[in-house]
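The sequence lines fix the lettering, A, B, ..., with proteins before strands; numbering per chain opens at 1.
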2 protein chains.
Amino acid sequence: MNIGEIARRAGVSRSTVSYALSGKRSISPETRARIQAVIDELDYQPSATARALSSGHTHTLGLVFPPASSHYTDMQLDFIGSLVEAAAGFGYDVLMAASIGDGDKGLRRLVAERRVDGAVLMEIRLDDARVDYLSEAGFPFVTIGRTGRPEHTRWVDMDYTALVGSCVRHLAHLGHRRIAFVNRSERLFRAGYESAHRSLTGFENACEQQGVVGAAYLCGDDAASGEDAIGRILAADPATTALVTVNEAALGGLYRGLAAHGREVPLDFSVTGIALSRWATAVTPQLTAADVSAAEMGRAAVELLLELLATPDAPPRHVLLAPPVSLRASTGPAPESGN
Amino acid sequence: MNIGEIARRAGVSRSTVSYALSGKRSISPETRARIQAVIDELDYQPSATARALSSGHTHTLGLVFPPASSHYTDMQLDFIGSLVEAAAGFGYDVLMAASIGDGDKGLRRLVAERRVDGAVLMEIRLDDARVDYLSEAGFPFVTIGRTGRPEHTRWVDMDYTALVGSCVRHLAHLGHRRIAFVNRSERLFRAGYESAHRSLTGFENACEQQGVVGAAYLCGDDAASGEDAIGRILAADPATTALVTVNEAALGGLYRGLAAHGREVPLDFSVTGIALSRWATAVTPQLTAADVSAAEMGRAAVELLLELLATPDAPPRHVLLAPPVSLRASTGPAPESGN
DNA sequence: AGCTTCTGACGAACCGGTTCGACGCCGAGG
DNA sequence: CCTCGGCGTCGAACCGGTTCGTCAGAAGCT
């Protein structure tokens, strides 16, 4: 079922079949029809592997996970789905590269063995060795999130700084004066995970600007850690009346912790943050939050990467997303002090 | 940076380099060392594409989504992650095939263009055209879930019938006599999605066996639908005191609906079901549920598929998982009737 | 009619590996 | 001393496409 077989049955040469298929040279209508008939009859599809070898591109994009992560958040997983769909829309497949274990071995394989035409990197750190590696190797890539020096790379990111700032302002306008910030896990923060750092910056800046007292906490990416974080927050400052979080996995635990400490949302305590709308609407009361759109990020990432493959020398483009904060039921006026 | 370059620099033929790399023929220690030195110096990695073309296998597994689904559940997404990690552990990559649009075009491409050595099919229906197609084509595959005639295929599945049965028995032993079942969406059920059907069977059988009154409901895969389902359940039979669900995406809505109708969990109403432990622990009170393990399913699927690739004629193996029901805080004794 | 130009098809080389058959060399056995 | 066998290496063919150079024949021009 290879091209030679088609050529033989159609009574033409292999190259003629190839040209008929690609349209890169003109073929007489009769010949083309004869070839097409044979192709239809045998249900022939050219081998992707052979095509990749000779043409030099695989029509596949690589999606790279960080070495350390073995636990995926919903946001990441949604992003994967949307990336695959977006890529399929352009006729590209997506190859998942898990870099487990030592260093960036998985990435090296992807690049050095030339399995993909370009790569999408997730879970970017402010100082990311993978970005340096790909830049030096001249391998086309797009990052989800920015490094500390984002000028020369192509990326798609959420504007965490601005979004967390919006949340703080929202709370400040409601009269809250002592606000906690529940960040991602200590491990991720220590590793330099960019969204954790930019979120914190946004929190600190906004608190200062609004003249409110802010206290930032790290919190593991699970419900139990969220519950624990509430304990720490209220122990440190019982007068806290609101929190902002970027840790959607801990959200359920945060609510539970508040209930356990007798704080009713949103009467006694307001909660807001950044989350997938799926999570924001799953909790009771529903979360007032900036709804991140994994689908939008996936589409943008694919578009950026294909642009790069088509025109490698075009100046780098970036996409910075800042979805509006959806008002739901988890925030309200600050309780009157002294009550 | 190809094999010819290595051969030239090491002063040997290309085939010698190939044999040194694969170890399929003996090479003298000196020659081997010389070749290795050149390889190390140039950081040479053989092209995956060329290797695939000549060797006939791609060292890649395909992961196939159903055409209709554009919205992923957490369980599916977790499964993807674990599949990728499991495959990586065996040196395989995973290619994601989104079959958007018409029929099984995406699947055809995967198979006909020979992009992958074998495929994993998700979201299996009782009567699944993709399974028939792959079977006829003689293409190696493993399904997540079973079709209606599972004898001759290889699959990994949860024992939904048994698990839902366990949940019903648990409730019956607590004294509940009127139990509702919240299934997946009508669309999925109509499409013949196997877990929805097998769950229902398990529910009906167990109710009959336990002599309790069971009422089954379909429910969209989101929080709002869950809230709505509670309304329907209590309207149809206000005396209902417990529910079993396999719809984890609706879980938050179910809780909210119960609260809205003045039912306190677990005092007035017990909730149980099948869910990722991530979701089960995210709600308040935490859900008594059979914790599904996406990681275990991913690993099992890869193992089954690699077994099949290694020994195509071995009799088909299956893996049926039935995790125990974890007792948490969402179930309790039935409220005394008349109260 | 003679010359150029254009069209449509062919053959061969190439992409970068793997694998088979052959062959030279060296040591062991008769 | 000659033969046989095994080891180590080479050359060539092959996997299934793409693409370049070439060329025969038809069409266009003077």
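- Distance CD1 (B:I27) to P (D:dG6): 18 Å, rounded to an integer number of Å.
- Remark: P of D:dT18 and NE2 of A:H57 are 9 Å apart, rounded to the nearest angstrom.
- Under 4.0 angstrom from either OP1 or OP2 of C:dT18 there lies no side-chain N or O belonging to B:K24.
- Here A:S28 reaches the OP1 or OP2 of C:dA9: one of its side-chain N or O atoms lies under 4.0 Å away.
- In terms of modelled atom types and a separation under 3.5 Å, the side chain of B:T60 and the main chain of B:L95 share no donor-acceptor contact.
- Nucleic acid contact class of B:L53 (heavy atoms, under 4.0 Å, all strands): base.
- The CD atom of A:E113 sits 10 Å away from the P atom of C:dG17 (whole-angstrom rounding).
- We find that NE2 of B:H59 is positioned 13 Å from C1' of C:dT18, with the value rounded to whole Å.
- In this structure, of D:dT19, D:dG8, C:dT19, it is D:dG8 that holds the atom nearest to the side chain of B:T31.
- Heavy-atom nearest nucleotides on DNA chain D were determined for B:S26 and for A:T16, and the one closer to the 5' end corresponds to B:S26.
- Rounded to whole angstrom, the span from the CD1 atom of B:I3 across to the P atom of C:dC14 amounts to 18 Å.
- Under 3.5 Å, the side chain of B:Y19 and the base of D:dC10 form no donor-acceptor pair of N or O atoms.
- Residue contacts shown for A:V17 are absent, as no nucleic acid heavy atom lies under 4.0 Å away.
- Of the possible polar contacts, none joining the B:D78 side chain to the B:M75 backbone as a donor-acceptor pair under 3.5 Å is found.
- Rounded to an integer number of Å, the gap from A:R51 CZ to D:dG17 P is 8 Å.
- Residue B:S18 has a polar side-chain atom (N or O) positioned under 4.0 Å from OP1 or OP2 of C:dT18.
- Here the side chain of A:S47 is nearest to one of C:dG16, D:dG16, D:dC10, namely D:dG16.
- The base of C:dG17 lies close enough to the side chain of B:R14 for a donor and an acceptor atom to sit less than 3.5 Å apart.
- Residue side chain B:R25 reaches the base of D:dT9 through a donor-acceptor N/O pair under 3.5 Å, judged by distance alone.
- Contact between the side-chain N/O atoms of B:S54 and the OP1/OP2 oxygens of C:dT18 is not found at any separation under 4.0 Å.
- A salt bridge between A:R299 and A:E296 is absent, with no side-chain N of the basic residue lying under 4.0 Å from a carboxylate O of the acidic one.
- Rounded to whole Å, atom C1' of D:dT9 lies 13 Å from atom CZ of B:R32.
- Looking only at distances, no side-chain donor or acceptor of B:D117 sits under 3.5 Å from a matching main-chain atom of B:L61.
- Ion pairing between B:E30 and B:R34 fails under the 4.0 Å rule for side-chain N and carboxylate O.
- The nearest whole Å value for the distance from the CD1 atom in B:I6 to the P atom in C:dG17 is 9 Å.
- Within a 6.0 Å sphere centred on CG of B:D127, heavy atoms belonging to other residues, nucleotides or ligands number 12 at most.
- OP1 or OP2 of C:dG17 lies within a sub-4.0 Å distance of a side-chain N or O belonging to B:Y44.
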